[in-house]
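Worksheet for the structure shown next.
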Protein chains: 2
Amino acid sequence: MELARQSLTGHASGPQPGLDGKGPLFGQIKRAVAGQILRGHWQAGERLPNEAELSSLYGVSRQTVNKAIALLAREGFLVRRRRAGTFVAAGRSDRFALPIEDIGDVVAREGRVYEFRILDRKSLRNGAAIHWPDVPDGTPILALDCLHFSDGTPIQVERRLVNLDAVPEVAAEPFDRVSPGRWLVDRVPWSSAEHTVRAVNATADMAALLGVEPGAACLSMRRQTVHLNRPITLVHFLSVGERFSLSGSSITDSATELNL
Amino acid sequence: MELARQSLTGHASGPQPGLDGKGPLFGQIKRAVAGQILRGHWQAGERLPNEAELSSLYGVSRQTVNKAIALLAREGFLVRRRRAGTFVAAGRSDRFALPIEDIGDVVAREGRVYEFRILDRKSLRNGAAIHWPDVPDGTPILALDCLHFSDGTPIQVERRLVNLDAVPEVAAEPFDRVSPGRWLVDRVPWSSAEHTVRAVNATADMAALLGVEPGAACLSMRRQTVHLNRPITLVHFLSVGERFSLSGSSITDSATELNL
DNA sequence: CGTCCCATTATGTACATACATTATTCCCGC
DNA sequence: GCGGGAATAATGTATGTACATAATGGGACG
């Protein structure tokens with residue numbers, strides 16, 4: 001089938017240097033170009049051959065080269081400037097990331113039993129007992145306190161505010177089966193979010209909830225979710241340091257994606 | 001100029017519903033489709049019109065639709081299956097991320113003075129005093145202990161191992177000007193990395209270095225960088241909880257990118 | 001000698017077309 | 001009815017072509 005695909009190219013060119021014949025042509029080009037850079041043949045800041053040259057070098061059309069190069073640029077590996085050319089991007093120290101998942105998924109993936117319990121549930125208005133900065137005063141808000149368990153051990157406290165103007169249906173939801181986090185994710189599919197992670201010492205009441213000594217190190221995570229410019233929910237998670245960690249790899253799993 | 005662009009389309013179709021005439025056509029299609037979903041007209045799991053239908057709906061060619069839809073799929077908004085069709089992706093709780101930057105950049109961006117000091121520097125071989133699991137025993141390793149300051153206050157301890165087989169030049173580098181982290185980023189352009197973040201209580205010696213009480217909550221970050229399947233460096237950062245936090249927003253700033 | 005303008009060059013976008021790939025669906029034979 | 005295979009419908013990839021856009025660099029002209 002690879003042969004069949006290659007025979008499609010109308011070019012009568014040579015052995016297509018650097019291409020491995022695996023998968024789509026534009027992917028092969030991506031790998032070939034990325035390989036050149038990873039191997040140091042093309043240094044950071046250096047200018048690449050232009051699309052026409054690459055096209056004849058690899059024996060494919062300019063569009064195919066364009067697709068490969070444009071994707072590499074979109075992934076942050078290359079920088080392109082019209083008329084100037086295509087350049088190898090500088091270091092990408094700022095592009096590492098930590099994925100943040102639903103705690104239930106994390107627990108389930110570890111093969112443990114996930115449970116949660118609603119500790120408290122209040123309807124109130126913003127500005128009185130509670131102040132949510134990005135929401136106008138007087139906005140109706142649902143405040144939820146929730147505790148998450150892994151194999152029966154408490155691992156995370158969740159304090160959540162939900163904007164009832166934005167998600168009125170939440171008022172009728174009992175949260176006896178689905179956790180508030182998951183319910184919201186399913187309901188408001190795509191939102192942008194901001195989060196902050198820090199380490200804090202457990203206060204006495206938090207320590208009691210989580211079953212640890214007061215002062216134990218905890219991971220504190222604040223996340224505000226916004227949808228159509230309206231704040232949807234503001235969550236504060238507190239997790240026991242010993243029982244919870246965040247881990248992940250680079251955003252663009254380019255190495256994986258490119259099979260390098 | 002928009003008119004000029006639109007006049008290019010060989011289609012004699014109508015007012016191109018939902019398109020805003022701003023920027024490239026495929027971008028307009030992206031915004032239009034994303035808008036349909038954000039507004040709830042197309043629900044999660046629902047099937048979209050196929051490329052041919054979208055193409056005639058918007059009065060553009062199938063390639064242009066394909067480019068827009070393929071990009072939305074690559075960004076995680078849609079799921080495509082051959083023959084079956086294109087579907088609105090389910091919630092994306094797992095796609096949030098925290099960017100991780102060079103500590104010097106973070107401090108500088110806050111308008112503070114960044115400094116660092118090398119506390120200790122040893123050349124040794126793996127397996128003896130130190131064991132780096134992903135590196136063969138006997139591999140020569142440079143071990144660095146480093147302290148980072150913001151406006152003179154210590155904020156982070158760094159314990160770093162560097163694989164001297166992979167980066168022999170590091171042995172000659174004095175690190176009097178450039179911090180080890182930055183030096184490596186500049187030297188080894190693209191590597192993939194894995195990291196883990198957790199909260200720990202400061203041990204006595206760490207607390208002394210950071211100038212806090214023993215037991216103070218600290219953010220602990222482990223990061224291993226790999227290049228061409230060879231581990232390059234293994235770092236362990238420890239930061240004072242009160243003086244350091246990680247924050248970031250969604251990976252795909254699609255809302256930004258799509259101007260929604 | 002300097003400044004403006006235009007030709008050149010490289011990327012960016014769009015369309016038409018063709019064929020590949022892959023599930024699904026449906027129908028036929030058993 | 002059931003299993004298997006063919007038709008089909010959707011996306012995926014590749015090429016050719018054309019023109020748009022932007023920035024560079026050099027040449028004309030003051």
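Lettering of chains follows the sequences in order, A, B, ..., and the numbering in each one begins at 1.
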Taking CG from A:Leu25 and C1' from D:dG16, how many angstroms apart are they, rounded to a whole number? 15 Å
Counting only side-chain N and O atoms of B:Thr64, is one of them less than 4.0 Å from OP1 or OP2 of C:dT13? no
A:Phe26 has an atom CZ; how far is it from atom P of C:dT21, in whole Å? 14 Å
Compare side-chain N and O positions of A:Arg62 against OP1 and OP2 of D:dA14 and report whether any pair is under 4.0 Å apart. no
Does any N or O donor sit under 3.5 Å from an N or O acceptor when you compare the side chain of B:Gln63 with the base of C:dT17? yes
If we only count heavy atoms from C-beta on, is the B:Phe244 to B:Ser150 side-chain gap below 4.5 Å? no
Do any side-chain nitrogens or oxygens of B:Arg80 fall under 4.0 Å of OP1 or OP2 in C:dT22? no
Could you tell me whether B:Glu51 contacts a base, only the sugar-phosphate backbone, or nothing, with contacts defined as non-hydrogen atoms closer than 4.0 Å? sugar-phosphate
Interatomic distance, A:Leu78 CG vs C:dG12 P [rounded to whole Å]: 11 Å
Does the pair A:Arg230/A:Asp165 count as a salt bridge with the N-to-O cut at 4.0 Å? no
Measure from the side chain of B:Pro24, starting at C-beta and using heavy atoms only, and say which of C:dA14, C:dT24, D:dT13 lies closest. C:dA14
With a cut-off of less than 4.0 Å, is there a side-chain N or O of A:Thr86 near OP1 or OP2 of C:dA10? no
Start at the 5' end of DNA chain D and walk down; is the nucleotide closest to A:Arg81 or to A:Val65 reached first? A:Val65
Rounded to whole Å, please give me the gap between CZ in A:Phe87 and P in D:dA23. 12 Å
Nearest-Å distance, CG (A:Asn66) to C1' (D:dT13)? 14 Å
Does a side chain donor of either A:Thr86 or A:Arg47 reach within less than 3.5 Å of an acceptor in the other side chain? no
Could you state the CG-C1' distance from B:Asn50 to C:dA23, rounded to the nearest angstrom? 15 Å
Expressed as a whole number of angstroms, how long is the span from B:Lys67:NZ to D:dA14:P? 15 Å
Toward the 5' end of DNA chain D, which comes first, A:Arg82 or B:Gly85, by nearest nucleotide? B:Gly85
Which heavy atom in B:Pro49 sits nearest to a heavy atom in B:Trp42, and how many Å separate them? CD-CZ2, 3.9 Å
How long is the line joining CD of A:Gln28 and P of D:dT13, in whole Å? 12 Å
For A:Arg83 and A:Pro49, find the nucleotide of DNA chain C closest to each by heavy atoms; which residue's nucleotide sits nearer the 5' end? A:Arg83
Relative to each other, are the rings of B:Tyr114 and B:His148 parallel, tilted or perpendicular (30° and 60° limits)? parallel
